[in-house]
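The analysis underlying the following values was restricted to heavy atoms, covering all of them including side chains, and did not include hydrogens, waters or symmetry mates. Order of the sequence lines sets the chain letters (A, B, ...), proteins ahead of strands, with each chain counted from 1.
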Amino acid sequence: MREIVAANAAFKRQEIDREEAIAFFQARGEKYKAQLIQDLPASETITLYTQGEWVDLCRGAHLRATGDVGTAFKLMKVAGAYWRGDHRNAMLSRIYGTAWRDQKELDAYLHMLEEAERRDHRRIGKDMGLFHIQEEAVGSVFWHPKGWKLYRTAEAYMRRRLEATGYQEVKTPQLVDRALWEASGHWEKFREHMFVAQVEDEDKVLALKPMNCPCHVQIFRQGLRSYRELPLRMAEFGSCHRYEPSGALHGIMRVRAFTQDDAHIFCAEDQIAPETVAFVELLSSIYRDFGFESFQVKFSDRPAVRAGTDETWDRAEGALKQACATAGVDYTLNPGEGAFYGPKLEFVLRDAIGRDWQCGTLQVDFVLPERLDAEYVGEDGARHRPVMLHRAILGSFERFLGILIEQYAGRFPIWLAPVQAVVATIVSDADPYAEEVAAALRKAGLEVRIDLTNQKINAKVREHSLAHVPLLVVVGRKEAETRTVALRRLGGQNQEVLDLVDAVARLAAEAMAPDLARGDLA
RNA sequence: GCUGCUGUAGCUCAGUGGUAGAGCACUCCCUUGGUAAGGGAGAGGUCCAGAGUUCGAAUCUCUGCAGCAGCACCA
């Protein structure tokens, strides 16, 4: 690179006849470029750029000469990429680099990347002791006490939000006979991505459920349903297993065992729009509570391989589009990326390194109710097919918590923090009082640790700051005597001396989950 | 899954064809100190696993496993 830049060879543009260009690249053994030209539309002008010895097909534009690149560049990584993005094709090598106006800008960029790396949930998960993954359970999370506390806080919050908005929670089996997956169509399409279990003295083949919808339909099918029960919102924190390709695994964001905040809304066709509007409202409110003010929405329409007739797809896509309009959702189109049974909305959040992850989803499905024979009795006394709306807000707890960790770089707001307060003593004379303070905070519902170790207060402050504990409640001789506490907040430099009783009331209020603070249920 | 890279103490990482190192963390002792590291001592490793080359392998080669990056996939 440095040699090429130093040579300062001029880039020369040259227009060339199509056939001539194909012959040229063919002769040089560059068959992919020849193929590229072949596939360019006839109207396209073919241009070559020459730089010293090097001739390349390129539309341009280029710098004037290689010297213009300057010295503020860095080659970042080398990786394979499939020819034309198709895994059936050969893999070509791709070299990634970055170039900047000067060294200072390059350094700033590299520094930014390092900062982003510090937010990486895998790093923070380890540092804060939230979870780990090991070889014996690839793609599955071992949640440690603090990580599980975070998980349970999120789960309890979600459960309250769902209960408040008319969902009924259920729990369905992990192991389900293959016959059900054949009926739903998943066996045919996703068989190689399913974990299969067999028992010795039985012929049955069972699969660990990769998703919950067929099971929910089974509950819906118990007994005769009436149109009066619709929309029927059936929710489950459903544990699912999928044999994801090894290269897809990523920390806790893409795993093989995960729990969806799944729900299926069984409804009539004219209820799609109002249910979508209500869903988007709920999702937005929940994302806001978790600190995500903005998110992308993608509309994925019919894929090439799909179930259901074109007429059905027309109806499903039309209904979803109309619902988006009513809900005022701005989306970008994601052509051909829908589920095999219906179009979907994807709600996408971005991680620390700038990668996008689908979290929430809403999918309109006319196919599964048909395949699994779900029906209800309508106002007219006849049997009808319900429409199923598959929807998730967090998507999976694992992925969402991973993004949440990165969003806050481990410095969670108080309501989410796995350890909300540490009571730290300055002298051991204050130990009994510290116990009393901790007990009072605990009684008020806070997750509290107590630090009576034989260390200076400086060291304690440092330790718990590094552990991202939002509240540090310091007590020494003075506080014990006056029944006060010296409160220091994470990131703050000073402390506030409060009366113990006031402090407990105030911190309890601050630690309250946002829905409870608002009194959503009331 | 594909391509490339990586695998050494709990963590971060150094190291070398001749019996393994640092800092932090940990344990113990001293220290009771008022808001981001008080001092000292100690313990800790099948150098990812298996096979091969070699007098000798943690180091070289191969295979496997796992991780990382990108690509592909994502009900």
Side-chain angles (χ1 to χ4, degrees), chain A residues 76-96 117 120 122-123 126-127 129 132-139 181 184-194 209-214 240 242-251 253-256 258 260 262 303 305-307 337-342 344 346 353 355 357-358 361 363 365 367-368 390 395-396 399 424-431 452-467 472-479 486-495 497:
Chain A
M76 307 294 284
K77 50 199 167 200
V78 179
Y82 295 107
W83 170 240
R84 303 213 146 154
D86 189 328
H87 71 277
R88 288 165 302 195
N89 292 341
M91 182 166 273
L92 312 180
S93 293
R94 183 182 284 177
I95 301 170
Y96 292 79
E117 225 175 283
D120 191 309
R122 295 165 295 187
R123 167 89 265 133
K126 200 179 267 183
D127 288 347
H132 86 272
I133 294 176
Q134 69 185 48
E135 269 194 50
E136 288 77 3
V138 173
W181 307 111
S184 70
H186 291 96
W187 188 264
E188 193 194 347
K189 190 152 195 297
F190 293 110
R191 195 241 157 292
E192 66 275 25
H193 296 292
M194 289 166 72
K209 70 174 167 184
M211 24 107 74
N212 310 296
C213 24
C240 296
R242 295 179 185 175
Y243 186 73
E244 300 285 10
S246 56
L249 301 175
H250 181 86
M253 306 258 235
R254 184 84 182 266
V255 284
R256 289 181 176 156
F258 53 93
Q260 295 178 317
D262 201 7
V305 182
R306 57 180 182 263
E337 297 294 320
F340 74 87
Y341 48 70
K344 65 179 180 182
E346 295 175 33
I353 323 168
R355 287 187 278 211
W357 296 89
Q358 181 199 310
T361 185
Q363 307 168 6
D365 181 4
V367 175
L368 264 190
H390 305 243
S396 87
R399 174 174 298 180
T425 51
I426 292 171
V427 291
S428 45
D429 285 352
D431 285 3
L452 306 179
T453 55
N454 186 11
Q455 291 179 97
K456 289 192 176 180
I457 192 62
N458 293 359
K460 294 188 186 185
V461 167
R462 176 179 155 82
E463 183 181 324
H464 301 115
S465 297
L466 289 174
L472 189 59
V473 181
V474 177
V475 297
R477 212 166 271 134
K478 228 168 10 184
E479 288 75 16
L487 177 67
R488 178 185 171 119
R489 288 167 192 279
L490 180 61
Q493 245 106 69
N494 32 37
Q495 45 281 337
V497 178

Non-neighbouring partners of A/Arg489 that pass side chain to side chain donor-acceptor pair (under 3.5 Å), sequence neighbours left out: A/Glu510

Side chain of A/Val427 only, heavy atoms from C-beta on: which candidate in B/U35, B/A66, B/G33 is closest? B/G33

Non-neighbouring partners of A/Ala459 that pass side chain to side chain contact (heavy atoms under 4.5 Å, CB included), sequence neighbours left out: A/Gln455

Between the base of B/U3 and the side chain of A/Ser93, is there a donor-acceptor distance below 3.5 Å? no

In the 5'-to-3' direction, what one-character label does each nucleotide of nucleotides 70-75 of chain B receive under the scheme B = base within less than 4.0 Å of a protein heavy atom, S = sugar-phosphate only, - = no such atom? BBBBBB

Suppose we screen for side chain to side chain donor-acceptor pair (under 3.5 Å). Which residues come up paired with A/Ser465, at least two apart in sequence or across chains? none

Considering the options A/Arg462, A/His464, A/Glu463, which one meets the side chain to side chain contact (heavy atoms under 4.5 Å, CB included) requirement together with A/Lys460? A/His464

Using purine N1 to pyrimidine N3 plus N6-O4 or O6-N4 for Watson-Crick, or N1-O2 and O6-N3 for G-U wobble, each under 3.5 Å, what pairs with B/A36? none

Classify the side chain of A/Glu479 versus the base of B/G34 as yes if they form a donor-acceptor pair under 3.5 Å and no if they do not. yes

For B/G44, which nucleotide in any strand shown is its Watson-Crick or wobble partner with both distances under 3.5 Å? none

What's A/Arg123 touching, base or sugar-phosphate or nothing? Going by heavy atoms closer than 4.0 Å. sugar-phosphate

Under the side chain to side chain donor-acceptor pair (under 3.5 Å) rule, collect the residues that match up with A/Gln134, sequence neighbours excluded. A/His132, A/Glu136

Every protein N/O within reach of nucleotides 49-51 of chain B N/O, cut-off under 3.5 Å:
none

Looking at every strand, decide which applies to A/Leu466 at a 4.0 Å heavy-atom threshold: base, sugar-phosphate, or nothing. base

Euclidean distance for P, B/A75 against B/G7 (whole angstrom): 35 Å

Using a 4.0 Å heavy-atom cut-off across all strands, classify A/Arg122 as base, sugar-phosphate, or nothing. sugar-phosphate

Hunt down the Watson-Crick or G-U wobble partner of B/G17, both distances under 3.5 Å, from any strand shown, or write none. none

Tell me which nucleotide among B/U35, B/G38, B/G33 gets nearest to the side chain of A/Ala459. B/G38

What are the atom names and distances for every N/O pair under 3.5 Å that joins the protein to nucleotides 22-24 of chain B?
none

Who passes side chain to side chain donor-acceptor pair (under 3.5 Å) against A/Glu346, sequence neighbours left out? A/Ser300

Over all strands shown, is A/Ala486 touching base, sugar-phosphate only, or nothing at heavy-atom distances under 4.0 angstrom? base

Provide, to the nearest angstrom, the distance between the CZ atom belonging to A/Arg462 and the C1' atom belonging to B/A37. 5 Å

B/G52 - base-pair partner by Watson-Crick or wobble geometry, distances under 3.5 Å: B/C60

Watson-Crick or G-U wobble partner of B/C74, both distances under 3.5 Å: none

Using the C1' atom on both, measure B/C5 against B/G10 and round to a whole Å. 25 Å

In whole angstroms, how far is the P atom of B/C65 from the CG atom of A/Leu249? 14 Å

So, using salt bridge (Lys or Arg N to Asp or Glu O under 4.0 Å) as the criterion, who are the partners of A/Arg84 when residues are at least two apart? A/Asp39

Show your working on side-chain contact (heavy atoms from CB on, under 4.5 Å) between A/Gln358 and A/Lys344 and close with a plain yes or no. CA-CA 12 Å; A/Gln358 181 199 310; A/Lys344 65 179 180 182; 3.8 Å; yes

Reckon A/Lys460 touches a base, only the sugar-phosphate, or nothing at all at heavy-atom distances under 4.0 Å? nothing

When the side chains of residues 186-193 of chain A are checked against the rest of the protein, which donor-acceptor pairs come out under 3.5 Å, sequence neighbours left out?
from, atom 1, to, atom 2, distance (Å)
A/His186, ND1, A/Ser184, OG, 2.6
A/His193, ND1, A/Tyr243, O, 3.1

Going by purine N1 to pyrimidine N3 plus the second Watson-Crick contact, or the G-U wobble pair, all under 3.5 Å, which nucleotide sits opposite B/C68? B/G4

Counterpart residues, salt bridge (Lys or Arg N to Asp or Glu O under 4.0 Å), relative to A/Arg306 (two or more places apart): A/Asp310

Set of salt bridge (Lys or Arg N to Asp or Glu O under 4.0 Å) partners for A/Asp429, sequence neighbours left out: A/Arg477

